[in-house]
Each structure stands twice: as structure tokens, then as C-alpha cells.
Amino acid sequence: MILIVGGAGYIGSHVNKMLTEQGYETIVLDNLVHGHNEFLKWGKFYNCDLKNKDKLEEIFEKEDIDTVMHFSSYINVGESVTNPSKYYENNVTNTLNLLDTMVKYDVKRFIFSSTCAIYGVPEKIPITEDLPKNPINPYGKTKLMIEEILKDYDTAYNLKSVCLRYFNASGADISGLIGEKHEPETHLIPLILDVCIKKRDDIKIYGTDYDTFDGTCIRDYIHVTDLADAHIKALEYLIENNESNEFNLGNNKGFSVREVIESAKKITNCEIKVTETPRRKGDPAILVGSGKKAKNILKWDPQFVDIDKIIKTAWNWHKNNLEE
């Protein structure tokens, strides 16, 4: 039985769907602060906050859990700077509650939703796993803290983990059943698509003077279905090898903000008003990840590497589910 913590959220729900389709039994644990009832389409559901250790232990006592996948971190970088306490409590303290419960009930496999933000401003592109870890915001620091804690829990308690360091999660399941939805929305592609459904007046480009070919930031976009596939391959890796590891989930290819906007215009056949604004503090010019290690060891094979394909799936869900 696989416990998916944060399984009513964007990535967790896609992983839950794929696990179920491949015959795994799943349990979703979510407090629905950022998760969505309409994404609870598979497995058994418990409404529980990780700060509630008593209820957490009740669930582990009742259910035959052998693996935990953790997606319930707060992810808003800007908010982590202005309200770090919220991030350290949820992303670190609450995760410790989960890990300690796993240790108590002898659950030995853990797959962690980490981030490229642990690298900070990278020394080179594409980003490989061996580069220095220098997060520049509390969000990235919380993720790195958990990665370090997991190393200690492996040594002390034999808890084996795989840390999957995402780049920009994007797109939606091709079925159109689930997609990307955050409150508030901070991700570029859904913000652009909001303009097309008249939910937003314009899309803002933060900085047009970066040292890139068109002056805007370049990011590596990973389709959520490819992320889900990586989690299943990480599970298989843990079952087969019983050893901890960490992997970057990148396409080794980036797209600029302007390129993403142009792709969205083409896919949606919509005019998108653009407003150019100054840079945001702490935005690196280029973040592109190497997925070589994940491809070699996990046999991960991303299927959605083209930005047009990614946006097409996002638009298919967005226009049918988020129109006002």
C-alpha cells in the first residue's frame, strides 16, 4: 500500500492516477488546504494534517503501508521569504512527524518531492546532481534540510529514500480529468492561460534584460505525466535495490518566457497581452536540468519534451475546468 501525502494536489493526484492504473493500491492523505476534492478520484482518502501526530499514527496503525510519497510542501518562493516560519513548520517540522511515524511503524521506503531550488544560482548549465547546493530562499533551504535529514535516517533507521529534484512541473493529464490548479496561482503556463479565459488581464514578464537570447528567463519545463512516471520508476528502484539516491528530473532543454507565451498564443489561438516589469529578486537567468542520471539508472524516458505538447495538454484541461 502506498501512502501519497498531498495526493489531492497537482503532482500528487497525477502520481495517484498513474499508480492506480498500474495496479498499485493507494491511500491519499491531504488536509485540503491546497489540495482539491475533485482530484480525489483514486484510492482511499484521509483528511489529515501532518502536524496531527495522533491521527497520523492511527492511519499507520490501521493501514498496511509499505511506501510513502511526499508532496505536501509549501512551494511559493516569494512567500517563503516573507513568512519563513510557515515554511519551516510545514516543510520541515511536519515532515519530521511523518518520518518519525514511518520509523515507528517500520515503513522503510520514502520518495521525496524535492526541487532544483536547492542548487540556488547554479555554477553551470545543465544542472547535474554533483553541483554545490546553495539555496537562496527558505523554500529551497527546507527541501535541502529534508534531503540531509533523510541521509541521517538512512544511517540510523535504515529508511531508504529517493529524492526527485523537479524543474518546472507543467501540463496536465491527457485525459483532461485533472490538471494544474493553485490558489493563488504562481506558475507561468496557467497564468498565461488565465489570460485566454479572461480570468486575468495580462501576463507579466519579470525582467527583459537577462543574459539570454531574448532577454527573458529560461526554464526547463517537465510535464506532470513524466514526473509521475519518474515516481513509479523511483518506487521500482527502491524495491529492487533497497538503497537511497537522488535524481534531477530535467529535460536538458529550456524555453524562455517569451517562447512559452508565443507557444500559448499558437495553441490557444488567443491574443495575450504582455506587460514587461522589472526583475524579481533571486530569479536566475537560466535553470535547465540534466536528466542523464535518471535516464541511465531509473530508465526514465520523458515523452513531453516539446513546449507545444506541454501547453496543449494544459490548455485542454484549463479551458474546460477553470473558465469563469
Below 30° counts as parallel, above 60° as perpendicular, anything between as tilted: where do the rings of Phe112 and Phe110 land?
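Rings of Phe112 and Phe110: parallel, under 30°.
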Salt bridge (Lys or Arg N to Asp or Glu O under 4.0 Å): which pairs involve residues 135-151, sequence neighbours left out?
Glu147-Arg165, Glu148-Lys151
side-chain contact (heavy atoms from CB on, under 4.5 Å) against Val288, all qualifying residues, sequence neighbours excluded:
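side-chain contact (heavy atoms from CB on, under 4.5 Å) list for Val288, sorted by chain: Ile125, Pro126, Ile218, Asp220, Ile286.
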side-chain contact (heavy atoms from CB on, under 4.5 Å) partners of Lys273, counting only residues at least two apart
Asp202, Thr275
Ring centres under 6.0 angstrom apart (His34, Phe71)
no
Only counting residues at least two apart or in another chain, list the ones meeting salt bridge (Lys or Arg N to Asp or Glu O under 4.0 Å) with Lys160.
Asp154
Connecting only ILVMFWY residues whose side-chain heavy atoms lie within less than 4.5 Å of each other, what is the rest of Val81's hydrophobic cluster?
none
Indicate whether any N or O donor in one side chain lies under 3.5 Å from an N or O acceptor in the other, for [X] and [Y].
X      : Y      : value
Ser256 : Asp214 : yes
Glu79  : Tyr74  : no
Ser170 : Asn168 : no

Over all atoms of both residues, closest heavy-atom pair of Ile2 and Met69:
CG2-CG, 4.2 Å
Please, which pairs that meet ring-ring contact (aromatic ring centres under 6.0 Å, His included) have at least one residue in residues 203-226, sequence neighbours excluded?
His223-Phe304
Nearest 0.5 Å, what's the CD1-CG distance between Ile59 and Leu3?
7.0 Å
How long is the span from the CD atom in Glu185 to the CG atom in Asp194, to the nearest 0.5 Å?
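The CD atom of Glu185 sits 6.5 Å away from the CG atom of Asp194.
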